[in-house]
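Following: one structure in structure tokens, then a few remarks.
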Amino acid sequence: MPDDQPDANRTLFEEALLLHSSGRPGKIEIRATKPLTTQRDLSLAYSPGVAAPCLRIAENPDLAYEYTAKGNIVAVISNGTAVLGLGDLGALGAKPVMEGKAVLFKRFADIDGIDLEIDTRDVDEFVNCVRFLGKGFGGINLEDIKAPECFIIEQRLRELLDIPVFHDDQHGTAIIVAAGLLNALDLTGRNLKNTRMVVNGAGASAIACVELIKSMGMPQDNVVMCDRQGVIYRGRETGMNQWKSSHAAQIKARTLEEALAGADIFLGLSGKDAVTAATVKTMADRPIIFAMANPDPEITPEQVRSVRQDAIIATGRSDYPNQINNVLGFPYIFRGALDVRASTINDRMKIAAAEALAALAREDVPDEVDAAYSGRRLRFGPDYIIPVPFDPRLISAVPPAVAKAAMDSGVARAPIEDMNAYRARLKARLDPTATSLELIFEAARSHPKRVVFAEGEEEKVIRAAVAFRNAGYGTPILIGREDRVAATMKAVGLGASAGIEIHNARLSQNNREYTDFLFRRLQRRGALYRDCQRMVNQDRNVFAACMVAAGHADGMVSGVTRSFSTTFEDITRVLDPKPGERLFGLQIVIAQGRTVLIADTSVHELPTAEELADIAVQSAAKARQLGHDPRVALLSFSNFGNPPREKAERIREAVTVLDGRQVDFEYDGEMQANVALDFELMRRLYPFCRLSGPANVLIMPALHSANVSAKLLQQLGGGTVVGPVLIGLEKPAQIVSTGATVTDLVTAAALAAFDAVR
């Protein structure tokens, strides 16, 4: 990273390197979907058993979709000649991006992406490589290949292969642009046939946008394209190729400025500052301006607003309304195409995706999405013409539209008979937790808060504070000595501390106020005034909690240097539980496509029946907040009285307590963990069990079993563990484990900020 880059960019650069290199390098791995534990497992999965599907597929190639993962695998392929906005980085330089694309496929559409980097710039070599590998995949996603080679490669592969081939830089952008454009036209009373559009940029994405919009009904003569040499007009000879020539306009204008006079739409796929406010002022009434150069648009929304309050504006950036983001398209387009075994992705499928996205933006926005993006007014209108990337409805809105278009256009080889059932299956494919967490983080970004990082001299904590600031969650406050914090930031290359507050507990002007407050709380619990003074001066957790209690900060996070129990004791000297609620720790485990909440992993050593019932109620509420219908299992070493043991009585009593409360969620117990999580086993052995599916909330019988189970899952489960999340505290505070990473700290701080928002 060059030294002249802003501090925030340098920090992001360093944190990205750390993420990619920590633990197992990279971002993806391959996991088996069948048990491979015993010799019999191996003999079925490999030799000799694997011969059976091999012979069947040789007889009928379509059976590869039945016996292999082909139907859910997309190859993400590049030669690295146009990586992001960085240029030709070569095949290996493109690999982190291709891995990232594979991660997005999995995250948003449950598609397994396999990245392939082909080390050639020769079109024939590239095409032959993909052609001969193509049989193993359900689809091909081409990425970061420079123009004009990308046009030739895609066209030839579409002719040679009988699976979808999709260059996302072209068509992904075009589909999202088309969706936004449909709604912008609707809001301004225009239609495609009576609208004039000027496009700046003549690369792969620009040409794909123009071709799709024309196929949707915009007349050829209504579109003017410009490149670095000005207007692409009929008869121009310099800087032309066959793709530009097909979109040459019959027009007298020769510059972008001349072409934009009176134009209805500006579509920018070029570079920073390509358009001036003075030029925008000459456009037609209610102009539509899509300035999509990244990271800096052709003209900023602020510049547009300075001359045109009536404009509808979209960019490629997430910090402005109406982000044109390809992640709204490619995962869901491939999902629909794969599910009907489409032989290609044609224009009808692209248009169907664009229309589905446009229609979704016109619908009422779910409460959880609206809450996360509040301040942006997510109601159909000039500042909301395209859905936001973490809208959970995308998975059930776009793939069915694409699948139906494939069926209607005759390219689907496995038509879907029941679309309603298909939509239900799509909703079930993705664990809602990831989306819900992102909505929580977006809510924190929309309402920035002041969060205290109590252990402010620790390098890891300082890095987390910088990341918290750079993510836009709010203002981080470090408790520590300013000279030590500054020295650490300089030593690890974190740049200046702008936007970060540093408070020294001993020198704080609020020291007396905090001491008086703490003494009032603890004077009848054996504490003298000087004891309280010492705690405020020397215990950073106490000082941080006092800041939160006094309203000088909105939340806090700690735990890196002390055990959970010690940190918890420090904080609860200052902060109280919410009235009528239990205070406990909740572990969120996300693994193998499902989420399980485990409670209480941190506070209650041997909870009573009443405490277990309270923990169940509050855990169910948290499950709902994360997008789940709670199914609560109260765990024990026994199943419904077998074997009968006195220590299981508390669990049975807790179920009776919940019965008396008439709660609004599913629950049952006592039961063993395997029964709670294996629904087939549950139905077979205990058909009377009240749960309608595998449990997603596990209420543990005691602290030792809860903590041991959570730690085992964290080490052996192979998934993501969030927490323990502290539930039930009156003021926002979160405690991380002593081995927490920077990401863990940022997540905990964002959760504290979200609690403050609520």
Side-chain angles (χ1 to χ4, degrees), residues 27-29 31 69 71-76 96-115 137-143 164 166-169 171-176 179-180 316 318 323-340 342 345 349-350 352-354 356-361 365-366 368-369 372-373 386-403 422-442 590-595 626-628 719-720:
K27 299 188 287 287
I28 61 175
E29 66 178 356
R31 287 182 175 271
N72 199 55
I73 295 179
V74 168
V76 183
V97 181
M98 300 309 109
E99 284 189 0
K101 199 65 175 274
V103 170
L104 294 179
F105 268 117
K106 192 66 178 177
R107 164 65 181 82
F108 289 101
D110 192 28
I111 291 170
D112 297 313
I114 302 293
D115 68 295
F137 307 110
I140 303 290
N141 182 96
L142 300 173
E143 193 83 16
F166 186 84
H167 184 212
D168 187 48
D169 298 314
H171 309 299
T173 302
I175 289 164
I176 314 307
S318 61
Q323 183 190 18
I324 304 300
N325 190 331
N326 282 20
V327 81
L328 292 168
F330 69 85
Y332 310 110
I333 293 161
F334 268 102
R335 181 75 275 158
L338 292 174
D339 289 341
V340 293
I345 294 175
M349 295 161 73
K350 297 173 199 172
L357 286 168
L360 187 60
V365 178
E368 64 271 23
V369 179
Y373 289 87
I386 196 77
V388 291
F390 291 96
D391 191 322
R393 300 171 297 169
L394 288 162
I395 186 67
S396 58
V398 181
V402 173
Y422 175 53
R423 289 187 182 91
R425 292 197 303 273
L426 287 169
K427 290 179 182 178
R429 285 197 84 110
L430 296 180
D431 188 321
T433 303
T435 296
S436 298
L437 285 173
E438 186 57 38
L439 292 175
I440 286 171
F441 299 152
E442 188 60 35
I590 307 167
Q592 299 179 0
R594 66 195 291 188
T595 291
L626 294 174
H628 297 272
T720 299

Gap separating the [atom1] atom of [X] from the [atom2] atom of [Y], nearest 0.5 angstrom:
X: Leu357; Y: Asp391; atom1: CG; atom2: CG; answer: 10.0 Å
X: His167; Y: Thr173; atom1: NE2; atom2: OG1; answer: 9.0 Å
X: Met349; Y: Ile175; atom1: CE; atom2: CD1; answer: 9.5 Å
X: Arg429; Y: Ile395; atom1: CZ; atom2: CD1; answer: 7.5 Å
X: Lys427; Y: Arg423; atom1: NZ; atom2: CZ; answer: 9.0 Å

- With sequence neighbours excluded, what pairs up with Lys101 under the salt bridge (Lys or Arg N to Asp or Glu O under 4.0 Å) test?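 Result, salt bridge (Lys or Arg N to Asp or Glu O under 4.0 Å) vs Lys101: Glu143, Asp168.
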Any idea which heavy atoms bring [X] and [Y] closest together, and the distance?
X: Asp115; Y: Met98; result: CB-CB, 3.6 Å
X: Gly113; Y: Ala102; result: O-CB, 3.5 Å
X: Pro331; Y: Ile111; result: O-CD1, 3.6 Å
X: Leu394; Y: Pro399; result: O-CD, 3.5 Å
X: Ala397; Y: Ala356; result: O-CB, 3.9 Å
X: Ala352; Y: Ala401; result: CB-O, 3.5 Å

- Item | Set of side chain to side chain donor-acceptor pair (under 3.5 Å) partners for Asn72, sequence neighbours left out |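 Residues passing side chain to side chain donor-acceptor pair (under 3.5 Å) with Asn72: Asp112, Arg335.
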Validation row: [X], [Y] side chains within 4.5 angstrom (heavy atoms):
X: Leu626; Y: Ile440; answer: yes
X: Asp339; Y: Tyr422; answer: yes
X: Phe105; Y: Asn141; answer: yes

- Where do Ile176 and Asn325 land on the side-chain contact (heavy atoms from CB on, under 4.5 Å) test, with the steps shown first? CA-CA 7 Å; Ile176 314 307; Asn325 190 331; 5.7 Å; no
- Message: Using the rule given for side-chain contact (heavy atoms from CB on, under 4.5 Å), can you reason through Val74 versus Leu338, listing the C-alpha separation, both sets of side-chain angles and the distance that settles it, and then say yes or no?
- Response: CA-CA 9 Å; Val74 168; Leu338 292 174; 3.9 Å; yes
- Query: Taking the inter-plane angle between the rings of Phe334 and Phe166 on a 0 to 90° scale, is it parallel (under 30°), tilted (30 to 60°) or perpendicular (over 60°)?
  - Reply: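 If you compare the ring of Phe334 with that of Phe166, the planes turn out perpendicular.
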